[in-house]
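Everything below concerns the one structure shown next.
By convention in this document, chain letters (A, B, ...) are assigned in the order of the sequence lines, proteins followed by strands, and residues within each chain are numbered from 1.
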Amino acid sequence: MELSKEQTQEIIARRVAQEFHHGDVVTLGIGLPTKAVQYLPPDVKIVVQSENGVLGVGDYPDENSADARIINAGGTMVTLSEGGCFMDSFMAFAMMRGGHIDITVLGALQVDAEGNLANWCIPGKFTPGMGGAMDLVVGTKKLIVAMEHTAKGAPKIVQKCTLPLTVAHKVNMIITEKGGFEIRPDGLYLTEISPYSSLEDIRQTTDADFQIDIK
Amino acid sequence: MELSKEQTQEIIARRVAQEFHHGDVVTLGIGLPTKAVQYLPPDVKIVVQSENGVLGVGDYPDENSADARIINAGGTMVTLSEGGCFMDSFMAFAMMRGGHIDITVLGALQVDAEGNLANWCIPGKFTPGMGGAMDLVVGTKKLIVAMEHTAKGAPKIVQKCTLPLTVAHKVNMIITEKGGFEIRPDGLYLTEISPYSSLEDIRQTTDADFQIDIK
Amino acid sequence: MAEIISAATAIQFFKSGQTLMIGGFLGCGSPQLVIDELLKTDLGNWTLIANDTSTPESDRGKLIVAHKIKKALVSHIGTNPQTVAQMNRGELEVELIPQGTLAERVRAGGAGLGGVLTPVGLNTDVAKGKPIIQVDGQDFLLEKPLKADVALVYATYADKYGNLSFYGSTRNFNAIMPLAAQTVIAEVDKLSETPLDPNHIVVPGIFIDYLVVRGR
Amino acid sequence: MAEIISAATAIQFFKSGQTLMIGGFLGCGSPQLVIDELLKTDLGNWTLIANDTSTPESDRGKLIVAHKIKKALVSHIGTNPQTVAQMNRGELEVELIPQGTLAERVRAGGAGLGGVLTPVGLNTDVAKGKPIIQVDGQDFLLEKPLKADVALVYATYADKYGNLSFYGSTRNFNAIMPLAAQTVIAEVDKLSETPLDPNHIVVPGIFIDYLVVRGR
């Protein structure tokens with residue numbers, strides 16, 4: 001079965017949403033990770049922090065409530081959830097680095113079997129900068145990489161990252177449209193195979209050694 | 001002429017008040033230094049910062065306006081001047097250490113010819129703690145020690161402090177009821193002799209070498 | 001969402017031997033109700049991190065009088081003769097910390113930093129035994145972060161989400177201690193029925209675990 | 001007391017070659033009027049400290065397009081292709097700084113600290129050439145304080161004393177940069193006739209030298 005880009009992203013976002021528990025404070029990378037909140041069960045309310053100084057990012061505004069003074073880190077206008085608040089960058093990052101975030105979900109260019117993550121630079125080609133990504137990953141209690149399994153067919157889960165790192169030895173979990181992995185003290189484990197993939201498919205599209213411990 | 005304690009303090013406070021310029025942001029130690037604001041010329045408005053989180057300390061409140069939630073660092077109820085604000089301890093000390101205070105006036109147990117100041121501890125006898133004093137002195141643009149010239153007859157201006165220091169090499173000026181001193185790169189200078197004293201009197205009650213450069 | 005509890009209930013989060021941060025500058029912005037409840041228990045042997053030990057009749061000062069503190073990390077003890085007496089008798093260990101350094105150390109603990117590089121205390125007794133780090137030819141003391149098991153703070157206003165704001169000079173250490181403790185209890189004057197204005201919140205609710213509301 | 005000036009008048013406080021801090025996160029909470037005036041001058045050769053270089057059409061981004069920046073210390077340049085292009089051609093030096101580290105460095109500069117000890121960037125390119133300080137067996141990067149000649153920030157509300165407060169997510173770096181610059185200019189949406197509520201002030205007026213009021 002061939003998945004469209006949209007379908008692929010929805011599969012990943014839906015799976016990420018299952019990782020959230022009621023009351024969790026989470027930070028979400030721009031793009032795919034942000035979509036996960038759309039698939040939360042109705043009884044699970046989470047608090048989304050955005051590095052630009054919003055705690056309690058709410059829905060996207062309609063025409064009437066749109067206000068350019070309330071954006072998320074991607075520059076998109078958002079609303080504030082009831083009980084949320086605004087803060088400066090200094091507090092926003094104290095919150096992250098200080099261990100006050102339960103779950104962080106980020107995309108990756110590469111992620112490896114040791115839990116290293118690269119997502120801010122392809123030397124000579126693409127250097128948007130790390131923005132808040134390096135801070136987002138340091139203090140969080142759980143770091144999930146959510147991404148498409150491959151980029152133009154090339155594996156993004158590798159034995160050892162070759163791109164400049166965002167953080168070393170910190171990723172706890174990888175979620176793609178093909179399955180789920182955990183990074184444990186003794187290495188990478190495949191813990192889930194998606195209905196849209198197979199062990200064989202995952203072996204072929206993953207450039208890292210992994211053990212298997214399907215839950 | 002024998003001065004009462006009250007007269008002595010008023011002489012010092014009046015002289016300190018002359019050091020303030022319109023718009024200065026100042027921090028004042030508990031006790032005598034705080035009294036200086038009573039003697040400001042009417043056209044000189046200063047902003048008094050109090051380390052417990054008040055910028056723009058105003059007059060003492062009357063019975064009706066007294067509020068235990070607005071105090072100065074001495075624990076005395078105060079009011080807030082128009083244009084002032086409240087802040088947390090973290091900001092209050094950033095303001096001091098960061099060089100945003102124009103003048104700091106503190107009392108001393110000892111002050112010496114090198115600009116060292118001791119005002120928080122007499123070992124074995126008296127250890128109230130430094131409170132904010134060590135921070136108050138570090139970033140300020142001008143540090144004035146305002147104190148009675150002697151304590152029970154013993155000189156407080158000494159060649160070298162023997163008590164634990166509050167800060168090293170930082171005092172710019174000393175004001176007592178007997179006169180005024182400046183600490184310059186090449187040592188201590190007597191720059192003023194009060195009408196209530198004489199050079200001879202100052203020599204006898206000062207335990208430090210000083211040069212004379214009366215303004 | 002912060003849980004609203006009584007002062008008597010709050011004592012369950014304290015254990016003997018813990019490190020406690022308690023907000024307040026003398027009596028201003030100092031939690032009181034929970035301290036009065038703690039005084040009724042035989043809990044103690046605490047390390048106290050606070051601006052000062054207040055007065056013998058008030059808040060943190062009462063904990064000193066009741067001999068519940070074994071060590072105090074504070075900037076000032078001059079207003080509580082009991083602290084001085086216990087220190088001189090060797091019953092209470094006191095680490096005197098410059099007030100601004102104390103604020104930075106608490107915030108460093110709460111913000112995941114490795115310490116504070118400050119010029120305050122250089123060439124004084126405060127520098128004894130502490131590393132000096134040179135940055136661009138200038139010396140700075142390395143002061144370590146502070147953390148606590150429980151922070152007990154005051155706020156003037158709260159909402160049910162745990163968001164806090166302050167009136168007057170009550171803010172002091174109450175604004176930073178909630179970042180640096182495992183469990184955070186805020187004693188508040190007024191619980192707002194509606195959420196506090198999101199533009200005026202000083203302590204975001206996610207830092208606050210429990211609210212004790214005065215006058216209830 | 002802050003002096004109220006026009007955007008055109010504000011340019012007198014800028015000189016070529018200075019280090020400038022400019023507030024804002026992309027276009028949100030970004031000063032604009034003074035930047036538009038700066039674009040009319042032949043001033044430039046500036047070092048820019050900011051969260052990002054915005055977009056080519058907006059605020060800080062326009063300064064890049066006009067080749068007025070020789071060096072940028074920022075956390076993100078991905079939204080301004082001109083920054084990337086000038087960097088790749090070697091016309092613009094870019095130091096990419098993790099955003100939280102940037103915030104801490106600015107605040108350290110403004111608060112008289114010797115630097116920041118952060119775990120962020122360890123074992124990455126960010127750590128290259130920087131001292132690593134061990135505290136209790138854990139490694140931290142030593143990141144140096146930042147200061148500027150001029151800080152140009154935005155605020156939603158101001159009063160004549162220069163006190164500032166913010167609406168929404170406009171606060172970002174605007175709240176900390178005023179501490180770290182020699183001259184501080186705030187561009188504000190609304191100048192209040194009466195003093196702002198002293199309990200809700202984010203940036204105390206003593207940090208602000210000049211106010212430029214929008215719509216005047």
Side-chain angles (χ1 to χ4, degrees), chain B residues 30 50-55 57 67-80 84-99 114 116-118 120-121 123-139 161 163-170, chain C residues 23-30 51-55 58 72 74-81 83-84 87-88 94-104 106-107 110 118-128 154 156 166-177 179 189 202-203:
Chain B
I30 297 168
S50 191
E51 67 197 48
N52 59 310
V54 186
L55 183 68
V57 175
D67 185 333
R69 296 173 301 178
I70 305 178
I71 65 167
N72 66 14
T76 306
M77 283 189 269
V78 293
T79 59
L80 187 74
C85 71
F86 300 107
M87 57 202 163
D88 62 25
S89 302
F90 189 65
M91 173 61 109
F93 286 95
M95 212 172 258
M96 294 175 199
R97 224 181 19 236
E114 297 174 13
N116 297 317
L117 166 66
W120 69 280
C121 175
K125 276 196 187 165
F126 172 74
T127 311
M130 66 292 285
M134 285 193 179
D135 306 83
L136 277 162
V137 295
V138 159
C161 286
L163 294 173
L165 295 189
T166 304
V167 71
H169 306 298
K170 181 73 196 176
Chain C
F25 190 107
L26 299 173
C28 189
S30 295
N51 180 62
D52 54 70
T53 56
S54 200
T55 62
S58 321
V74 292
S75 78
H76 199 265
I77 58 174
T79 52
N80 191 333
T83 310
V84 180
M87 177 180 76
N88 289 341
V94 175
E95 183 182 337
L96 288 168
I97 303 172
Q99 202 167 122
T101 299
L102 183 62
E104 292 289 333
V106 169
R107 198 262 174 188
T118 179
V120 175
L122 281 171
N123 302 308
T124 75
D125 288 357
V126 166
K128 278 183 189 162
Y154 160 92
T156 315
F166 299 88
Y167 181 87
S169 61
T170 61
R171 204 176 299 194
N172 52 65
F173 282 77
N174 293 308
I176 48 175
M177 288 178 168
L179 282 72
D189 277 336
V202 175
V203 180

Cation-pi check for C:Tyr167 against B:Arg69: NZ or CZ below 6.0 Å from the six-membered ring centre and within 45 degrees of the axis, yes or no? yes
Does the B:Lys170 side chain pair with the main chain of B:Val138, one donor and one acceptor, at a distance under 3.5 Å? yes
Original post:
Do C:Thr101 and C:Glu104 pass the side chain to side chain contact (heavy atoms under 4.5 Å, CB included) test, and can you show the C-alpha distance, the side-chain angles, and the key distance before you say yes or no?
Top reply: CA-CA 5 Å; C:Thr101 299; C:Glu104 292 289 333; 5.7 Å; no
Bottom line for C:Thr79: the part with an atom under 4.5 Å from chain B's heavy atoms is neither
Cut-off 4.5 Å, heavy atoms of chain C, and the answer for B:Asp67 is side chain
B:His169 side chain vs B:Glu114 backbone, donor-acceptor pair below 3.5 Å = yes
Does either side chain, that of B:Ser50 or that of B:Asn52, offer a donor lying less than 3.5 Å from an acceptor on the other one?
yes
Inset, instruction - Would you please test B:Met130 and C:Val126 for side chain to side chain contact (heavy atoms under 4.5 Å, CB included) and show each step? - result: CA-CA 10 Å; B:Met130 66 292 285; C:Val126 166; 3.7 Å; yes
Chain B shares the most heavy-atom pairs under 4.5 Å, among C:Gly78, C:Cys28, C:Gly121, C:Pro98, with C:Pro98
Value for OG (C:Ser169) from CD1 (B:Ile70), rounded to nearest 0.5 Å, stands at 6.5 Å
Pair count under 4.5 Å, heavy atoms only, with chain C: among B:Ala73, B:Ala68, B:Cys85, B:Gly53, highest is B:Ala73
Note: vs chain B, highest number of non-hydrogen pairs under 4.5 angstrom among C:Gly100, C:Pro119, C:Ala103 is C:Gly100
Practice item. Taking the side chain as every heavy atom from C-beta outward, state whether C:Leu96 and B:Thr127 have any pair of such atoms under 4.5 Å apart. Key: yes
So, the part of C:Leu102 with a heavy atom under 4.5 Å from chain B: the answer is neither
Okay, B:Met87 and chain C: the region with an atom under 4.5 Å from a heavy atom over there is backbone
Residue from C:Phe173, C:Phe166, C:Phe25 scoring the most non-hydrogen pairs under 4.5 Å with chain B is C:Phe25
Bottom line for C:Asn123: the part with an atom under 4.5 Å from chain B's heavy atoms is both
Most heavy-atom pairs under 4.5 Å with chain B, out of C:Asn80, C:Val94, C:Ile97, belong to C:Ile97
Cut-off 4.5 Å, heavy atoms of chain B, and the answer for C:Thr83 is neither
Cut-off 4.5 Å, heavy atoms of chain B, and the answer for C:Ile77 is both
Ranking C:Thr170, C:Asn88, C:Val74 by heavy-atom pairs under 4.5 Å to chain B gives rank one to C:Thr170
The test is side-chain hydrogen bond (donor to acceptor under 3.5 Å, both in side chains); show your working for C:Tyr154 and C:Asp189 and say whether it passes.
CA-CA 8 Å; C:Tyr154 160 92; C:Asp189 277 336; 2.5 Å; yes
Whatever's closer than 4.5 Å to a heavy atom in chain C on B:Val167 counts as backbone
